[in-house]
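One structure is given here, and the rest of the page talks about it.
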4 protein chains.
Amino acid sequence: MADSGTTTGRRSGKRERLVAAAARVLHEQGVEKTTIADIARTADVPVGNVYYYFKTKDQLVEAAIEEQGRTLHTLLAALDRLPEPQGRLKALVRGWVDQRDLAARYGCPTGSMASELDKRADGLDRVVADVMRRLLDWTEHQFQAMGRADARELAVALISAYQGVSLLTNTFRDPDLMAAEGERLERWIDSLVRPPS
Amino acid sequence: MADSGTTTGRRSGKRERLVAAAARVLHEQGVEKTTIADIARTADVPVGNVYYYFKTKDQLVEAAIEEQGRTLHTLLAALDRLPEPQGRLKALVRGWVDQRDLAARYGCPTGSMASELDKRADGLDRVVADVMRRLLDWTEHQFQAMGRADARELAVALISAYQGVSLLTNTFRDPDLMAAEGERLERWIDSLVRPPS
Amino acid sequence: MADSGTTTGRRSGKRERLVAAAARVLHEQGVEKTTIADIARTADVPVGNVYYYFKTKDQLVEAAIEEQGRTLHTLLAALDRLPEPQGRLKALVRGWVDQRDLAARYGCPTGSMASELDKRADGLDRVVADVMRRLLDWTEHQFQAMGRADARELAVALISAYQGVSLLTNTFRDPDLMAAEGERLERWIDSLVRPPS
Amino acid sequence: MADSGTTTGRRSGKRERLVAAAARVLHEQGVEKTTIADIARTADVPVGNVYYYFKTKDQLVEAAIEEQGRTLHTLLAALDRLPEPQGRLKALVRGWVDQRDLAARYGCPTGSMASELDKRADGLDRVVADVMRRLLDWTEHQFQAMGRADARELAVALISAYQGVSLLTNTFRDPDLMAAEGERLERWIDSLVRPPS
DNA sequence: TATGAATGAGTGTTCATTCAT
DNA sequence: CATGAATGAACACTCATTCAT
């Protein structure tokens with residue numbers, strides 16, 4: 001039932017295909033460089049038909065961002081099943097490292113979209129900010145659960161570290177940067193556990 | 001000094017104005033969203049005249065990136081005059097914090113260009129990578145001077161932290177994020193000084 | 001017949017109109033002097049729409065040349081129905097003479113395109129060469145059928161004579177040049193018939 | 001006295017260099033494809049300076065055509081020193097054959113200019129027509145001297161043959177076409193000599 | 001005279017968006 | 001709902017011509 005046809009009743013899957021294609025192509029090529037035709041072709045949907053599902057390109061971009069948000073939600077929900085907060089954070093980091101080859105080629109999906117859309121004041125920047133905020137909030141919760149009073153600051157530090165090293169990994173096309181930083185971050189997380197005095 | 005007319009002899013300063021305008025507008029609007037006309041208008045130069053100085057838009061973008069490289073070079077040269085490596089690094093961080101309002105509005109100039117250009121394979125991505133590498137190398141040198149064997153890794157960590165928090169600062173339009181992370185980074189740098197055993 | 005929608009299925013005829021307009025306007029104005037807008041206007045098609053049918057101006061030019069090739073093919077097929085080779089050749093010459101007013105204004109369509117495109121190395125020169133070669137080959141066949149061992153040389157001579165007098169007719173805006181040369185060529189063709197020894 | 005500085009008194013040779021460069025480049029690239037900058041570069045003259053000698057591009061083109069006319073005049077004057085008219089005509093043909101490699105690459109200078117400029121009604125077409133007419137007239141004179149009453153018609157036939165085979169030679173990039181047709185024309189000229197009855 | 005620089009009207013091409021069926 | 005086609009407003013880039021010195 002969950003997210004069935006938000007708009008459409010028919011189950012042809014075109015809308016879903018468009019969103020998935022958009023998410024992928026926008027990540028790979030960037031928002032400005034990607035044309036509606038690019039996305040339509042990838043989704044195997046006729047160009048004219050796109051506008052039945054999305055009134056403008058921006059709405060399709062928005063849907064793609066929200067798709068990222070959903071993916072993130074699923075990931076975090078899975079992590080939540082782990083027993084310890086530091087374990088969850090380290091699993092998050094390990095997930096990033098696992099994706100290092102993709103990051104080397106295209107950067108972090110959310111981060112590169114944020115970077116591009118932050119220059120615009122059309123509301124799309126707020127949508128991507130929401131996704132980022134959800135990640136930040138979840139991370140803060142983990143640090144809180146670890147008993148840290150500076151949880152927000154630590155969350156910003158961790159997410160920043162990831163976003164930054166994604167950028168460097170992409171800039172230098174070197175997945176190893178992400179791997180090394182991942183290890184460092186895991187050690188750092190361990191160091192933050194309050195010692196049972 | 002002395003690098004006045006890099007290419008053009010006449011001293012009308014149009015080339016310089018174009019590069020400066022490009023650097024600013026490209027940072028503010030992004031590469032794809034910025035038209036040659038935008039830059040020309042900002043530099044108060046007729047559109048057709050831009051092509052007297054730069055054969056293509058890409059060449060103008062390249063010049064703007066190299067201008068960033070020159071700015072960076074000047075900054076690092078100034079920092080080099082400080083006595084201690086950790087002092088230099090902390091001064092670097094303080095410089096970032098001083099620019100936090102700009103970062104909140106447009107992100108880090110180099111970082112956002114890197115993010116956008118990394119998706120392209122036209123050589124512009126290598127130009128921005130060079131600038132980033134110069135910053136990374138300098139940072140590594142400082143950590144080496146501090147006697148750290150893991151200097152490269154630390155350099156990646158520091159620059160990543162900056163790039164990442166620039167992105168968050170921009171995404172959430174919150175300069176305080178940069179300020180807080182700056183303080184944290186300064187403390188972190190202090191903690192890395194080898195204790196005089 | 002049968003060559004209706006070569007590429008496009010819909011029967012609006014725009015593609016055909018564009019090719020016809022291109023063939024005409026390119027002949028009248030030359031390739032370089034003709035803008036896409038000129039052709040679009042002549043075909044009564046909005047400029048932007050041209051690019052739905054042809055990716056580049058060169059592709060439209062190519063289509064126009066191939067249209068000439070098709071016209072030539074039709075002409076030669078009609079001539080082939082004549083019983084004697086020398087009759088076919090003389091009918092060909094008479095066709096040229098019939099078109100002398102057009103030649104006086106714009107020259108031979110194929111010849112003037114060849115002249116202009118031969119200076120370029122973009123492949124368009126080969127397309128027009130193909131059309132010319134087809135005419136040359138057909139002419140050679142007729143001379144062969146007349147029992148001439150020097151058929152190729154004679155074919156070159158005949159086509160050259162036509163192309164050359166087209167140029168002079170155009171240069172001096174004098175259709176009579178074509179008429180006179182046509183008569184001379186007919187006599188020449190007659191003189192080549194092997195006398196029944 | 002001949003062609004000293006028609007306009008300029010100073011003997012810097014820039015005007016001459018411009019005309020020579022124009023004649024060459026216009027032949028190689030065509031009129032429309034050639035920019036003033038192309039010619040200026042070839043002549044090693046600053047772009048802005050061109051307009052001191054020629055008010056418009058068309059005037060420079062005109063000068064280049066007249067330069068062709070002068071070259072033709074020199075050639076015909078040389079041929080006039082030969083004793084027999086048929087010898088002069090055959091020498092003319094041999095000159096064409098000698099230039100066959102150039103023709104294969106760029107066609108006949110006068111012919112290709114005529115072809116391109118005939119589409120325009122700006123007077124340039126008349127200038128090139130004058131050059132062509134001078135060649136035609138001279139040829140007619142030779143046939144008259146040979147006692148032919150149909151001298152004009154024969155002149156048109158000979159010049160047409162040359163212009164036409166130049167075009168084919170260029171189209172098929174085959175200098176041999178010109179060589180073979182040259183031999184044929186020489187034989188033809190010989191056949192026209194009135195037998196001393 | 002000489003010359004680098006300036007200017008602006010095109011030109012080919014792209015693309016989001018709309019329309020007719 | 002679906003779809004090929006239509007539309008027009010950009011945009012990067014070119015070039016003849018002019019200008020200031």
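Lettering follows sequence order; numbering is per chain, from 1. Predicted model only: the values in this text are computed from it and were never measured.
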Return no unless some side-chain N or O of [X] is found under 4.0 Å from OP1 or OP2 of [N].
X	N	value
A:K57	E:dC15	no
D:K33	F:dC15	no
A:Y53	F:dA2	yes
A:Y52	F:dA2	no
C:Y51	E:dT14	no

For C:N49 and D:E32, take the nucleotide of DNA chain F holding the closest heavy atom to each; which residue's nucleotide lies nearer the 5' end?
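Going by which nucleotide is closer to the 5' end, it is C:N49.
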Nearest-nucleotide 5' precedence on DNA chain F, C:P46 against B:T56
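Comparing both residues, the 5'-ward one is C:P46.
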In whole angstrom, what separates [X]'s [atom1] from [N]'s [atom2]?
X	N	atom1	atom2	result
A:I39	E:dT17	CD1	P	11 Å
A:D58	E:dT17	CG	C1'	12 Å
D:E62	F:dA16	CD	P	17 Å
A:R17	F:dA2	CZ	C1'	13 Å
A:D38	E:dT17	CG	P	14 Å
A:I36	E:dA16	CD1	P	6 Å
A:D44	F:dT3	CG	C1'	13 Å
C:K14	F:dG4	NZ	P	16 Å

Hey, is D:E62 close enough to D:R126 for a salt bridge, meaning N to O under 4.0 Å?
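Judged by the 4.0 Å cut-off on N to carboxylate O distance, D:E62 and D:R126 do not form a salt bridge.
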Is the shortest distance from a Lys or Arg side-chain nitrogen in B:R41 or B:D44 to a carboxylate oxygen in the other one below 4.0 Å?
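No, no charged N to carboxylate O under 4.0 Å.
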Of D:V50 and A:K55, whose nearest nucleotide on DNA chain E comes first from the 5' end?
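That would be D:V50.
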Let me know, please, whether C:A37 or C:G48 comes out on the 5' side of the other along DNA chain E by nearest nucleotide.
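Going by which nucleotide is closer to the 5' end, it is C:A37.
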Do D:M113 and D:Q68 have side chains that approach each other closer than 4.5 Å (heavy atoms only, starting at C-beta)?
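In short, these two side chains touch, coming nearer than 4.5 Å.
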Tell me if the CZ atom of D:R24 is crowded by more than 12 foreign heavy atoms within 6.0 Å.
no
Which residue in the set C:D58, C:D122, C:L124 passes side chain to side chain contact (heavy atoms under 4.5 Å, CB included) when paired with C:L117?
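It is C:L124, the one option of C:D58, C:D122, C:L124 that forms the side chain to side chain contact (heavy atoms under 4.5 Å, CB included) with C:L117.
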Residue matched to E:dA20 through Watson-Crick or wobble contacts both under 3.5 angstrom:
F:dT3
